[in-house]
Amino acid sequence: MEYVIECRDISKSYRIGKRSVAVLNALSWQIVRGSWTMLLGASGSGKTTFLNLLGLLERPDSGKIVFDGT
């Protein structure tokens, strides 16, 4: 299968005062070229954070995002 986007063990957290809040924890996800994908989840589940990571607006704390093999 050829993936156009591949996320490997993505983790992201934010600091709120002295506390760290994990938003994404070891998320792995792929989009196959030519397929349709929908992102659903409850409010506060990390959808916007995930899209910000895919759009390169934020960097993950750990893991890797691969676009078209790069």
Side-chain angles (χ1 to χ4, degrees):
M1 251 181 269
E2 185 179 0
Y3 299 124
V4 68
I5 301 174
E6 185 176 6
C7 298
R8 301 177 189 157
D9 296 319
I10 298 296
S11 293
K12 180 68 178 176
S13 61
Y14 295 104
R15 303 278 308 155
I16 298 177
K18 294 180 180 181
R19 209 171 106 217
S20 180
V21 177
V23 179
L24 300 174
N25 187 19
L27 171 71
S28 292
W29 183 72
Q30 301 86 22
I31 298 178
V32 176
R33 184 174 303 283
S35 70
W36 286 78
T37 301
M38 183 182 300
L39 186 60
L40 300 172
S43 178
S45 63
K47 299 178 301 290
T48 299
T49 297
F50 181 59
L51 292 174
N52 285 342
L53 292 169
L54 289 181
L56 305 177
L57 299 173
E58 295 184 45
R59 290 179 178 252
D61 296 336
S62 64
K64 188 173 190 178
I65 300 174
V66 178
F67 293 97
D68 206 18
T70 303

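- From Glu58, atom CD reaches atom OH of Tyr14 across 3.0 Å, with rounding to the nearest 0.5 Å.
- For Gln30, there are no side chain to side chain donor-acceptor pair (under 3.5 Å) partners two or more places apart in sequence or in a different chain.
- A continuous path of hydrophobic side-chain contacts links Leu56 to Ile31 [ILVMFWY only; heavy atoms under 4.5 Å].
- If you chain together hydrophobic residues whose side chains sit under 4.5 Å apart, Ile10 and Val32 never meet in one group.
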Show me the side-chain donor-acceptor pairs of residues 61-70 shorter than 3.5 Å, one per line, residues at least two apart or across chains.
residue: Asp61; atom: OD2; partner: Ser13; partner atom: N; Å: 2.7
residue: Asp61; atom: OD2; partner: Ser13; partner atom: OG; Å: 3.0
residue: Asp68; atom: OD1; partner: Arg33; partner atom: NH2; Å: 2.2

For residues 38-47, tabulate all N or O donor-acceptor pairs below 3.5 Å that involve a side-chain atom, not counting sequence neighbours.
residue: Ser45; atom: OG; partner: Ala42; partner atom: O; Å: 2.7
residue: Lys47; atom: NZ; partner: Gly41; partner atom: O; Å: 3.0
residue: Lys47; atom: NZ; partner: Ala42; partner atom: O; Å: 3.0

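- Atoms OG and CZ, on Ser28 and Arg8 in that order, are 9.0 Å from each other to the nearest 0.5 Å.
- Taken together through direct or relayed side-chain contacts under 4.5 Å among Ile, Leu, Val, Met, Phe, Trp and Tyr, Tyr3 and Leu54 form parts of separate hydrophobic clusters.
- Side-chain atoms of Leu24 and Leu53, non-hydrogen and from C-beta on, do get closer than 4.5 Å to each other.
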